[in-house]
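Start at 1 with the first residue, then count along the sequence.
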Amino acid sequence: MGSFSVWHWLIVLLIVVLVFGTKKLKNMGSDLGGAVKGFKDGMKDGSAPEQTAATPPQQVTGATAPADKTTIDVEARNKS
């Protein structure tokens, strides 16, 4: 039973091309290549030290915007 020869692999390749077509195989190849590239970029970004740590995060407060008349303060409602 050993390994397949070159002729066996060529026949399998021919059957795959006949079933799927060259355009679909080309699209699958480019999608797979893009996925591998994205994975490598993600791994590279994950190991890089953060450069934005020098600036502290900004705190969002409700004092800058006027209160909406339809909102209800739950804590004030419970205290009454």
Check whether Trp9 and Val17 end up in the same hydrophobic cluster, where Ile, Leu, Val, Met, Phe, Trp and Tyr are linked by side-chain heavy atoms less than 4.5 Å apart. no
How far does CG of Asn27 sit from CZ of Phe20, to the nearest 0.5 angstrom? 13.0 Å
Taking C-beta and beyond as the side chain, do Asp41 and Lys44 meet within less than 4.5 Å on heavy atoms? yes
Is it possible for you to say whether Met28 and Phe39 belong to one hydrophobic cluster, with membership spreading through side-chain heavy-atom contacts below 4.5 Å? no
Hphob cluster co-occupancy, Leu14 + Phe4, side-chain heavy atoms under 4.5 angstrom: no
Let me check something: do Val16 and Leu10 share a hydrophobic cluster, defined by ILVMFWY side-chain heavy atoms less than 4.5 Å apart, either directly or through other members? no
